[in-house]
Student: 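Have a look at the structure that comes next, please.
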Amino acid sequence: MRKVLAVATAATVLSGLLTACSDPARNSGLGPADPSSPAGGTAAPSGTTGTAGETGAAGRIAWGPCTDVRGPNGQVPAKPDATLRCGSLRVPLDYAKPGGETLDIAMIRIPATDQARRIGSLVFNFGGPGASGVDTMAQAAKAFAGLNTRYDLVSFDPRGVERSSGVRCDGEHVMDRYTSMNTIAATQADWDRQERIIKDFAAACQRTSGKVLPYVGTVNAARDMDRMREALGEPKLNYFGISYGTQLGAVYATEFPKNVGRFVLDAPLDPSVSMNRRTVVQSAGFQHAYDDFLKDCIKGPGRCDIGADRTIANKNVEKFMGDVEDKPLKVGSRELTQGLANTGVAAALYSKLTWPLLEQGLNMAFNDDGRLLLSLADNYNGRLPDGSYTTLMSSFPAISCADTAERPDLAQLKRTQQEALEVSPLFGSAGMGLICSSWPVKGSNEARKVNAAGSAPIVVIGGTGDPATPYEWAPKLTEQLGTGVLVTYKGEGHGAYISGDQCVKKVTDKYLLEGEVPAKGTTCAAS
């Protein structure tokens, strides 16, 4: 229900790809499992930086070694990477009271490798909302090595995320119940069950993190970014936003148009869409990616492990989902519910590179082995090997619900689910409206209105095969910005630059490194 209709996080995609490539047997759940082994890297308590860099005074960042940055497997390496520098910046908790309470924004920096030709800092947000930029920057640095020659690569945990007063919701038992919830309510009893689980989850978030919940919205995060720009000594903010990071970038450009430097918004959202429309469009996007996956899997008779043709394969998937909804599949001491299985499938659709894992995971599940689908779901949900969670799945609703005043009633939620199921029987649901209706903090529509009039050109890159931020949102955001320049990527996956497409990389690098704005109508066919 939430995962498929979340604003997908490119950080999850990067983490999943790095994990899958590093040790497929171990990370897919195919190797020996020891659920009692510690994961390491437990995040620091809410409200602290969680890094070795000392907290900077207002307007200043104190940089030091990084000691708690997690790798793709969720663990902290035994030996810290000496190229990484961590620190934090103190900002107001409430910008309406700049002299009042503060919180610390955790940051990471990778210095430019060619200091003689250094341009400055390039700040990243990898999506979510709720992904840790500190962890993702450390994991994904090689993907941006070309940009790192002339830029210091900088990222951060936005307010309400991980080390920056990350939103937490009581503990593992609450998170397990929330993330394993089934996605579709077929009866009134199902609706009542979902409502109870979500209300318990929201109340747990209020108990544990109520102090920061009113202040975690995107407008405040954009103001934090301008404080970062000043602290980094940059006259303009150079920025690379992916997925939710495009909304954060668009809001920044609206708040501070004169401070916009070279801006790239990849896999863009349309911040103006209603919850209903977002749910339906994303359901259709995931259905399209799923159909493409089936088409790719069926390369000839006997080639696809989950079915001889697309119709059979789809029926097998639908039957499995129905079976596991009625009777969850045992995986060691845990259960693969329909909600977790659905999340595992959706997670693997974010990138074409993980489609083979999806085929393998479904085939295993059809044979009563749910380890790989559960591993994919855990990676997406930020569940670590020791059973603890990152703040991803708790920060996500906190920020999402803060960014909208919509609080749909049950009748509206039922209509949304029905519309979504009509475009995707597999991925349709009631969407984020279900949790925002129970959220303990009122939201605001301020982050849904963007207009960057007066800013430098902003490059917007939309992918035609993107399941989570469908292409139709790219021209809409471009138009709303007023200063946007649209680049179309005709390929699969969430995030064009991280797909590895050489055309997209060339266009983006020319803009960021040389200042060459792409021509109007630039299109990259998938390489």
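Worth knowing before you read on, the calculation uses all heavy atoms, side chains too, and leaves out hydrogens, waters and symmetry mates. Just so you know, these numbers come straight off a predicted model, no measurement behind them.
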Student: Using ring centroids (six-membered ring only for Trp), state whether Y244 and F396 fall under 6.0 Å.
Tutor: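 Here the rings of Y244 and F396 have centres that are no less than 6.0 Å from each other.
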Student: With a 3.5 Å distance limit and no angle check, can you tell me whether D157 reaches the backbone of V134 through a side-chain donor-acceptor pair?
Tutor: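 Yes, D157 side chain to V134 backbone: donor-acceptor pair under 3.5 Å.
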Student: Is the backbone N or O of G241 less than 3.5 Å from a side-chain atom of T246, with the two atoms forming a donor-acceptor pair by type?
Tutor: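 Not at all, since once roles are kept as given, no pair shorter than 3.5 Å links the two residues.
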Student: Answer whether the closest heavy-atom distance between the side chains of D226 and E255 falls below 4.5 Å.
Tutor: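 Of all side-chain heavy-atom pairs linking E255 with D226, none is under 4.5 Å.
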Student: Using 0.5 Å steps for rounding, measure from the CG atom of L372 to the CD atom of Q360.
Tutor: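 Nearest 0.5 Å value for the CG-CD distance: 5.0 Å.
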Student: Among Y350, F126, F286, which residue satisfies the ring pair (Phe, Tyr, Trp, His ring centres under 6.0 Å) criterion with H494?
Tutor: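 It is Y350, the one option of Y350, F126, F286 that forms the ring pair (Phe, Tyr, Trp, His ring centres under 6.0 Å) with H494.
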Student: Give the intermediate values and the outcome of side chain to side chain donor-acceptor pair (under 3.5 Å) for residues E406 and N276.
Tutor: CA-CA 10 Å; E406 289 187 79; N276 169 276; over 6 Å; no
Student: In Å, rounded to the nearest 0.5 Å, how long is the span from CD1 of I119 to CG of L147?
Tutor: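 Atom-to-atom, I119:CD1 and L147:CG are 8.5 Å apart.
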Student: Would you give the length of the straight line joining atom CG of D68 to atom CD of E162, rounded to the nearest 0.5 angstrom?
Tutor: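 Going from the CG atom of D68 to the CD atom of E162 covers 9.0 Å.
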Student: Between F240 and F144, is the gap from one ring center to the other below 6.0 Å?
Tutor: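 Yes, the ring of F240 comes within the 6.0 Å limit of the ring of F144, centre to centre.
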Student: To the closest 0.5 Å, what do you measure between CD1 (I399) and OG (S394)?
Tutor: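 It comes to 9.5 Å.
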Student: Assess the residue pair V504 and V487 against the criterion (side chain to side chain contact (heavy atoms under 4.5 Å, CB included)); give the C-alpha distance rounded to whole Å, side-chain angles, the decisive distance to 0.1 Å, and a yes or no.
Tutor: CA-CA 8 Å; V504 170; V487 174; 5.5 Å; no
Student: Has the side chain of S274 got a donor or acceptor atom that lies under 3.5 Å from a matching backbone atom of R277?
Tutor: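 Between the backbone of R277 and the side chain of S274 there is a qualifying donor-acceptor contact (under 3.5 Å).
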Student: Output all residues satisfying side chain to side chain donor-acceptor pair (under 3.5 Å) with S395, sequence neighbours left out; order by chain, then residue number.
Tutor: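 Here the qualifying residues are T391.
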Student: Can you tell which of L265, L486, N451 makes a side chain to side chain contact (heavy atoms under 4.5 Å, CB included) with L481?
Tutor: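 Between L481 and the candidates, side chain to side chain contact (heavy atoms under 4.5 Å, CB included) is satisfied uniquely by L265.
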Student: Would you say Y239 and V260 make side-chain contact, with heavy atoms under 4.5 Å?
Tutor: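 No, their side chains stay 4.5 Å or more apart.
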Student: What distance do L89 atom CG and L103 atom CG have between them, rounded to the nearest 0.5 Å?
Tutor: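 It is 10.0 Å, given to the nearest 0.5 Å.
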Student: Tell me if a side-chain donor or acceptor on E446 pairs with a main-chain N or O of V219 at a distance below 3.5 Å.
Tutor: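 Not at all, since once roles are kept as given, no pair shorter than 3.5 Å links the two residues.
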Student: Given side chains that start at C-beta, do those of F156 and N125 come closer than 4.5 Å, heavy atoms only?
Tutor: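 Side-chain contact under 4.5 Å: yes.
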Student: For a quick check under 3.5 Å, do S121 and R229 share a side-chain donor-acceptor pair by atom type?
Tutor: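 No.
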Student: Got a donor-acceptor contact below 3.5 angstrom from the D403 side chain to the A447 backbone?
Tutor: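 No.
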